[in-house]
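Every number for a ligand or one of its atoms is a count from 1 in the order of the listing.
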Amino acid sequence: MEKIKVVVAGPRGRMGTEAVKLVMNTEEYELVGAIDYKNNGLKLSDVGFHSADAPIFTDIEECFNTVKPDVLVDLTTPEFGMYHAKTALLHGVRPVVGTTGFSDDQLKELERLCDDQKRGCIIAPNFALGAVLMMKFARLAGRYFQDVEIIELHHDQKLDAPSGTALKTAQMIAEERDYKEQGHPNEKETLSGARGANYEGMHIHSVRLPGLIAHQQVMFGSSGQTLSIRHDSYNRESFMSGVKLAVDSVMKLNVFVYGLENIIE
Ligand SMILES: NC(=O)C1=CN([C@@H]2O[C@H](COP(=O)(O)OP(=O)(O)OC[C@H]3O[C@@H](n4cnc5c(N)ncnc54)[C@H](OP(=O)(O)O)[C@@H]3O)[C@@H](O)[C@H]2O)C=CC1
Ligand SMILES: O=C(O)C1=N[C@H](C(=O)O)C[C@H](O)C1
């Protein structure tokens, strides 16, 4: 059986470290390289990954031309994640992107590029299967409840707010519910930001605290009742079965997919 050749971008990061381990420990995968903005020419074993002899590249094109991967797993920053995903598609490499913080226009640009190149790409705001189910359950609940607030809670080193998961959840609920500006029509914030961000009238609240990893509660309300749907990731291993699912799935895709809920129907 031919192995799937994988490159990981962001290998020193909290998620990248786990992704490197996943690829190394998966029989059907071969870790052929890593992309970082430093340590060019070193091996992953030189920067603390035992027995990982994959080379590190700072130039993504050189990486792709040299090691010819099948899949790029990107866990970096929105700015570089976008550049990496575009470059991958132009080189015939299928991107699996966990990086969050892309704009709608950037997602559309990637979709167009997938169509042009006839190559699959998965953008997954959350790889944890429980979080994907939370989003699906929230979409279903949105059919029956008009009022919802999303509270996402993350570690305080997170760069983007709201989280990619919260934004995707709001987008999925919006597919089911009619637009509604929530709260009292005359409501006023006496302290700016008190009501959180507003997505089609739904409010999103971002909590950042040391000690947290990744958590979200979607809270629906109607007369005399509330419904709360909550997911908690207590470590970053929780995301790895979803990364594996995405890598396996993207190999069979020639289209753009935004969200793992489209894979686990
Ligand atoms: N989809 C999902 O399930 C999940 C997604 N995420 C998302 O993944 C991304 C990474 O999160 P996390 O691992 O916590 O963040 P980290 O900051 O721990 O990791 C990001 C890594 O990328 C490195 N980096 C920055 N620029 C480049 C570049 N140009 N090329 C290669 N590497 C680069 C950083 O280096 P340095 O530290 O030196 O700047 C760092 O090592 C975020 O967007 C986050 O929201 C996180 C968890 C789950
Ligand atoms: O930065 C994180 O940590 C996470 N980011 C993703 C997001 O923005 O939704 C996924 C998960 O919540 C962890």
Give a yes or no answer on whether the side chain of [X] reaches the backbone of [Y] with a donor-acceptor pair at less than 3.5 Å.
{"X": "N198", "Y": "G201", "result": "yes"}
{"X": "E111", "Y": "F256", "result": "no"}
{"X": "E18", "Y": "M240", "result": "no"}
{"X": "D59", "Y": "E62", "result": "yes"}

If you look at each N/O of ligand 2, which protein N/O atoms lie under 3.5 Å away, and at what distance?
| unit_1 | atom_1 | unit_2 | atom_2 | d |
| --- | --- | --- | --- | --- |
| ligand 2 | 1 (O) | K158 | NZ | 2.9 |
| ligand 2 | 3 (O) | H155 | NE2 | 2.9 |
| ligand 2 | 5 (N) | K158 | NZ | 3.1 |
| ligand 2 | 8 (O) | T100 | OG1 | 3.3 |
| ligand 2 | 8 (O) | K158 | NZ | 2.7 |
| ligand 2 | 8 (O) | G164 | N | 2.8 |
| ligand 2 | 9 (O) | G164 | N | 3.3 |
| ligand 2 | 9 (O) | T165 | N | 2.8 |
| ligand 2 | 9 (O) | T165 | OG1 | 2.5 |
| ligand 2 | 12 (O) | H154 | NE2 | 2.6 |

message: Just to verify, which of H203, Q217, H205 counts as forming a side chain to side chain donor-acceptor pair (under 3.5 Å) with E149?
response: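 It is H205; the other options fail the test.
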- request: Give the protein residues with at least one non-hydrogen atom closer than 4.0 Å to an atom of ligand 1, ordered by chain and number.
  value: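 Those residues closer than 4.0 Å to ligand 1 by some heavy atom are G10, R12, G13, R14, M15, I35, D36, Y37, L75, T76, F80, H84, G98, T99, T100, A124, P125, N126, F127, K158, D160, F239.
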query: Honestly curious: do M24 and V71 fall in one hydrophobic cluster under the side-chain, below-4.5 Å linking rule?
result: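 Shared cluster, yes.
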task: State yes or no: do F64 and L44 share one hydrophobic cluster built from I, L, V, M, F, W and Y residues joined by side-chain heavy-atom distances below 4.5 Å, directly or via other members?
output: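 Different hydrophobic clusters.
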CE/M172: more than 12 non-hydrogen atoms of other groups inside 6.0 Å: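 Enclosed.
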- prompt: With E28, which of K5, K244, K3 fulfils salt bridge (charged side-chain N to carboxylate O under 4.0 Å, His left out)?
  reply: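 Of K5, K244, K3, salt bridge (charged side-chain N to carboxylate O under 4.0 Å, His left out) with E28 is met by K244 alone.
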